[in-house]
A.B. asks: 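Before anything else, here's the structure in question.
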Amino acid sequence: MTTVLGAIADDFTGATDLAGLLARSGVRVSLRMGVPDGPPEDPAPFEVIALKIRTAQVDHAVAEARAALDWLQRAGAERFFWKYCSTFDSTPEGNIGPVAEALMHDSGADQTIYCPAFPENGRSIYMGNLFVGEQPLGESPMKDHPLTPMRDSNLMRLLAPQVTQAVGLANRLTVAGGVKTLTARLDALRAEGVAHVVVDAVANEDLHVIAEACRDMPLMTGGSAVAMPLPGLWQADGLLAQAGAPSRPQVGPGAVILSGSCSAMTNAQVAAYRETGAPAFRLDPQDLDERGVTPAIDWLSGLSAEAAPLIYATADPASVRATQESLGAARAGEIVEEALAACALAARDMGRRRFVIAGGESSGAVTQALGVSRLDIGREIAPGVPWCFAESGGDSIALTLKSGNFGAESFFTDALDMLDQ
Ligand code: ADP
């Protein structure tokens, strides 16, 4: 099997989001944590490489992205997707523009599009301006982001200082004119030397038109939503086989839920799961600092194999603040992540094979501890949160990696039930 689409994401949960949307088609999707060391083995039709370069130094980000593209080319890919956040999170220097220009160069693209729109999640673009719900990006809460404050809403103005070649717009009227009108506009811009084209989209139908018009570009860039129509279009083109059900290898029983997110939704999910009467162990960072993780692991080893225990550091904002004041925010985070990682490893060694993990950073720590470098994407439990399958310690395991606010209150039960079905 050779790779049809090679995608590069600038962060971990963004990669999972894209992988989950592509997997809705039933086509096999493989997610790699970082650029794999070795040459491609058994590549999937869709390969997504998760990088951590959203706020990295420009040179470093470009080098990582180029290494990822090189690996994807060796897997057979000729079409590429550069995935960034639907709120265009970037600094005045990059990294969206510089990475796009480097990938264009290496993939032989003379033009690419920028479409971070995700209408279902309230991200739309009109006349080149990005909206979050009804607010322009620069007036949305994104204006106060600690790392990438977005104070302008105009994508052309945001992009221009990040790139060396000309920036243009294909506006909503063009997109509403359909595939031919959009293609003609892109050709006209190309003839004028415009390499970077922001494309308006306010509804899912727009994304369809854009994907259809751009599906043969060597490089497309955007949020995950504009990639969603690609599998169906390529199946119709005969480029991809019609797929069956998403990947679902056999995994052994035994589950554990590890929660390190302190988001409002995760707090509700922890409370809902505790109400089911399942065994639960609270990790207290202060206590971990003094006594280590042994009490949690001892507790876990005393449970029956059938129980699906919850181990959580999840706490409300007031107690997180109190902990951070006494231990320091970075140290508190580190202690919890190390403890979750140690519990995951211990659970696996006790024979548990199903892992539900809440929290982006927490997921990173756990997957690293389990030695997981490749995930096969299965069915979605909630939008943007699929079950994934991997090898760990020579055995097949199932994992789901939930970023903070995703999933319904019943997410933990939903996830476990789905694997049993
Ligand atoms: P999210 O996806 O909600 O952002 P993350 O796992 O990315 O979740 O981030 C949560 C961070 O908070 C992690 O670094 C975790 O270690 C830390 N953390 C978890 N519980 C606590 C707690 N009780 N006090 C302080 N920090 C905590």
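Counting starts at 1 for both ligands and their atoms, in listed order.
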A.B. asks: Would you mind finding which of Ala264, Ser259, Ala339, Gly260 brings a heavy atom closest to atom 10 (C) of ligand 1?
C.D. replies: Gly260
A.B. asks: Near Ser362, which atoms of ligand 1 are under 4.0 Å from a heavy atom of that residue?
C.D. replies: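 It comes down to these atoms of ligand 1: 6 (O).
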A.B. asks: Is the shortest N/O to N/O distance between Ala358 and ligand 1 below 3.5 Å?
C.D. replies: no
A.B. asks: Which ligand 1 atoms are under 4.0 Å away from a heavy-atom of Ala315?
C.D. replies: 23 (N)
A.B. asks: Ignoring hydrogens, just give me the one of Pro285, Gly360, Ser363, Pro317 whose non-hydrogen atom is nearest atom 2 (O) of ligand 1.
C.D. replies: Gly360
A.B. asks: Any salt bridge linking Asp70 with Arg74? Criterion: basic side-chain nitrogen under 4.0 Å from a carboxylate oxygen.
C.D. replies: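 So Asp70 pairs with Arg74 through a salt bridge.
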A.B. asks: Does Arg151 form a side chain to side chain contact (heavy atoms under 4.5 Å, CB included) with Leu158? I'd like the steps, not just the answer.
C.D. replies: CA-CA 9 Å; Arg151 307 240 159 95; Leu158 287 165; over 6 Å; no
A.B. asks: Run down the list Gly359, Ala365, Ala313 and name the one with the heavy atom closest to atom 20 (N) of ligand 1.
C.D. replies: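 Selected option, by shortest heavy-atom distance: Ala313.
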A.B. asks: Would you call Arg32 and Asp37 a salt bridge, using N to O less than 4.0 angstrom?
C.D. replies: no
A.B. asks: Which residues pass the side-chain contact (heavy atoms from CB on, under 4.5 Å) test with Arg274, sequence neighbours left out?
C.D. replies: Val270, Ala280, Leu310, Tyr312
A.B. asks: Tell me which pairs pass side-chain hydrogen bond (donor to acceptor under 3.5 Å, both in side chains) where either residue lies in residues 50-64, with sequence neighbours left out.
C.D. replies: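 Listed by first then second residue: Asp10-Arg54, Asp11-Arg54.
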A.B. asks: Considering only non-hydrogen protein atoms, determine which one is nearest to atom 3 (O) of ligand 1 and report residue, atom name and distance to 0.1 Å.
C.D. replies: Ser261 OG, 2.7 Å
A.B. asks: What protein heavy atom lies closest to atom 16 (O) of ligand 1? Include the residue and the distance to one decimal.
C.D. replies: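 Its nearest protein heavy-atom neighbour is Gly333 O, 2.8 Å.
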A.B. asks: Tell me: protein heavy atom nearest atom 26 (N) of ligand 1, and distance?
C.D. replies: Ala332 CB, 4.2 Å
A.B. asks: Is any side-chain N of the basic residue among Asp420 and Arg354 closer than 4.0 Å to the acidic one's carboxylate O?
C.D. replies: yes
A.B. asks: Give yes or no for whether the N/O distance cutoff of 3.5 Å, strictly under, is met between Ser263 and ligand 1.
C.D. replies: no
A.B. asks: Looking at Gln250, I want to see if its CD is surrounded by more than 12 non-hydrogen atoms of other residues, nucleotides or ligands under 6.0 Å.
C.D. replies: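 Not buried by this count: 12 neighbours or fewer within 6.0 Å.
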A.B. asks: If every non-hydrogen atom of Ile210 is compared with every non-hydrogen atom of Cys115, which pair is closest and at what distance?
C.D. replies: CD1-SG, 4.0 Å
A.B. asks: Report the member of Glu361, Arg321, Met265, Glu334 with the shortest heavy-atom distance to atom 5 (P) of ligand 1.
C.D. replies: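 Nearest option to atom 5 (P) of ligand 1, by heavy atoms: Glu361.
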A.B. asks: Can you sort out which atoms of ligand 1 are near Cys262, meaning under 4.0 Å from one of its heavy atoms?
C.D. replies: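 It comes down to these atoms of ligand 1: 19 (C), 20 (N), 21 (C).
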A.B. asks: Looking at Gln286, I'd like to know if its CD atom is crowded, meaning that more than 12 non-hydrogen atoms belonging to other residues, nucleotides or ligands lie closer than 6.0 Å.
C.D. replies: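 Counting neighbours around CD of Gln286, more than 12 heavy atoms of other residues, nucleotides or ligands fall under 6.0 Å, so yes.
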A.B. asks: Is there a nitrogen or oxygen of Glu337 sitting under 3.5 Å from a nitrogen or oxygen of ligand 1?
C.D. replies: yes
